[in-house]
Amino acid sequence: MSANIQKVTVLSKTTWTPNLFSFTVTRPDSFKFTAGQFVRLGVNPSKLNYHQQQSSEGADEVPNEDIFRAYSIVSSPFDEVLEFFSIVIEDGAFTSELQHLQVGDELLLNTMPFGFLTLARYQKPLPKDLWLLATGTGLAPFLSMLQDLQTWQDYEHIVLAYSARSEEELAYVELINRLQSDFGELVDDPAKLIFVPIVTREPVAGALSERLPKLLVDGSLQKQAGIELDIDNAHVMLCGNPDMVEDTKETLKSLGMVMNRRGEGNIAVENYW
């Protein structure tokens, strides 16, 4: 086993919907990461308690091999545990196994963090308005950023636009509604967090209903947020469904925004999907 691979233990599991769940694991003492980064998690199906129980009851054997996938970290860089947000992909070699997680199971963590969806990448424009645009489990890196006090110190406004197909798929809403008091109030002159829920397949009071590109083009997102999307001071981050990321990126470019390269520009995206 590589020196970068460490065993971690599942501490808790939260089921949001039949296809969405979160879980926490122990955090190795030496592991450090920046809010917004992702890691590679590994599971050996044959070692999960669920399959060991099934095997004792005569079920078919499952693979005895380590399977790794990339996962953004939900928790703050300063938390004592690591939290992850997962979707169950039917027939997916990894997530179809991960859905069977139980407290006490062991996973593998590659302790080398990856990814550049971090606020440190922004040098110009200077920080003023931060727009975090997410679908589904793409919310994870943004929750990590919003549990880092530096984010609240650096910006004036933070818009978190979170899109899901149904209201029940809007996970973590209770946490989101606490962020301003739990973190913003710990710094002087904190950013104002503006949460914009979006539900695309059923009407929900207080939520927008169109896809993010359309909401940006017709100005509905900006109107709901109560601030303009200003090329001269907006940092925009995208994470989630690859189609959303690509379409929204092109929409933002059509509005005059540019990709962030070498520290300059408005738009940053996560490409590990």
Side-chain angles (χ1 to χ4, degrees), residues 16-17 19-22 35-38 69-74 84-90 92 95 114-119 121-122 129-146 158-173 176 193-204 206-225 227 229 231 234-261 265-273:
W16 301 101
T17 74
N19 293 316
L20 285 173
F21 64 97
S22 306
Q37 288 189 306
F38 64 90
R69 293 292 184 272
Y71 270 81
S72 289
I73 303 169
V74 172
F84 301 95
F85 185 22
S86 181
I87 188 171
V88 178
I89 300 172
E90 192 173 349
T95 64
F114 299 90
F116 299 98
L117 193 75
T118 63
L119 295 176
R121 69 180 294 151
Y122 285 109
D129 296 336
L130 175 62
W131 295 73
L132 305 173
L133 311 183
T135 57
T137 56
L139 177 70
F142 300 150
L143 289 179
S144 183
M145 293 175 194
L146 291 169
I158 303 171
V159 178
L160 175 61
Y162 174 27
S163 178
R165 294 175 301 179
S166 65
E167 185 174 20
E168 72 168 356
E169 290 184 353
L170 284 175
Y172 287 103
V173 170
I176 292 168
L193 176 63
I194 304 155
F195 174 43
V196 182
I198 303 164
V199 180
T200 57
R201 296 193 183 177
E202 64 182 25
V204 175
L208 298 178
S209 59
E210 302 286 350
R211 293 183 70 237
L212 278 161
K214 185 176 188 301
L215 294 173
L216 286 163
V217 169
D218 68 17
S220 298
L221 181 59
Q222 299 90 312
K223 181 179 179 181
Q224 187 84 345
I227 61 172
L229 189 61
I231 296 170
H235 297 170
V236 188
M237 293 187 144
L238 311 176
C239 190
N241 178 284
D243 290 337
M244 180 283 286
V245 170
E246 183 63 25
D247 293 348
T248 307
K249 178 180 72 175
E250 292 306 314
T251 298
L252 290 166
K253 287 162 69 174
S254 75
L255 297 175
M257 302 214 156
V258 297
M259 298 299 295
N260 183 283
R261 293 191 172 90
N266 310 99
I267 310 165
V269 305
E270 186 52 87
N271 292 314
Y272 72 78
W273 292 67

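The line from OG1 of Thr248 to CE of Met237 is 15.0 Å long, rounded to the nearest 0.5 Å. The CG atom of Leu221 sits 6.0 Å away from atom CD1 of Ile198, with the distance rounded to the nearest 0.5 Å. For the atom pair OG (Ser86) and OH (Tyr71), the distance works out to 2.5 Å, reported to the nearest 0.5 Å. Between the CG atom in Leu132 and the OH atom in Tyr162 there is a gap of 13.5 Å [rounded to 0.5 Å]. Residue Gln37 holds its CD atom at 9.5 Å from CE of Met145, rounded to the nearest 0.5 Å. To the nearest 0.5 angstrom, Gln222 atom CD is 5.5 Å from Leu216 atom CG.
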With side chain to side chain contact (heavy atoms under 4.5 Å, CB included) as the criterion, how do Phe142 and Ile176 come out once you've worked through the C-alpha distance, each side chain's angles and the decisive distance to 0.1 Å?
CA-CA 10 Å; Phe142 300 150; Ile176 292 168; over 6 Å; no
Output, in order, the C-alpha distance, side-chain angles, deciding distance and verdict of side chain to side chain contact (heavy atoms under 4.5 Å, CB included) for Asn266 and Leu252.
CA-CA 9 Å; Asn266 310 99; Leu252 290 166; over 6 Å; no
Could you walk me through whether Ile73 and Phe84 satisfy the side chain to side chain contact (heavy atoms under 4.5 Å, CB included) test, starting with their C-alpha distance in whole Å, then the side-chain angles of each, then the deciding distance to 0.1 Å, before giving a yes or no?
CA-CA 5 Å; Ile73 303 169; Phe84 301 95; 3.8 Å; yes
Evaluate the side chain to side chain contact (heavy atoms under 4.5 Å, CB included) criterion for residues Ser166 and Arg201: first the C-alpha distance (whole Å), next the side-chain angles of each, then the deciding distance (0.1 Å), finally the verdict.
CA-CA 6 Å; Ser166 65; Arg201 296 193 183 177; 5.9 Å; no
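Remark: the backbone N or O of Thr251 is paired with a side-chain donor or acceptor of Ser254 at under 3.5 angstrom. In this structure, Arg121 contributes its side chain and Asn260 its backbone to a donor-acceptor pair below 3.5 Å.
Atom CZ of Phe114 sits in a crowded spot, with more than 12 heavy atoms from other residues, nucleotides or ligands closer than 6.0 Å. Atom CZ of Arg165 has 12 or fewer heavy atoms from other residues, nucleotides or ligands within 6.0 Å.
The shortest side-chain heavy-atom distance between Leu229 and Met257 falls under the 4.5 Å cut-off. The shortest distance between side-chain heavy atoms of Leu238 and Leu212 does not fall below 4.5 Å.
Using cut-offs of 30° and 60° on the angle between ring planes, the pair Tyr172 and Trp16 is tilted.
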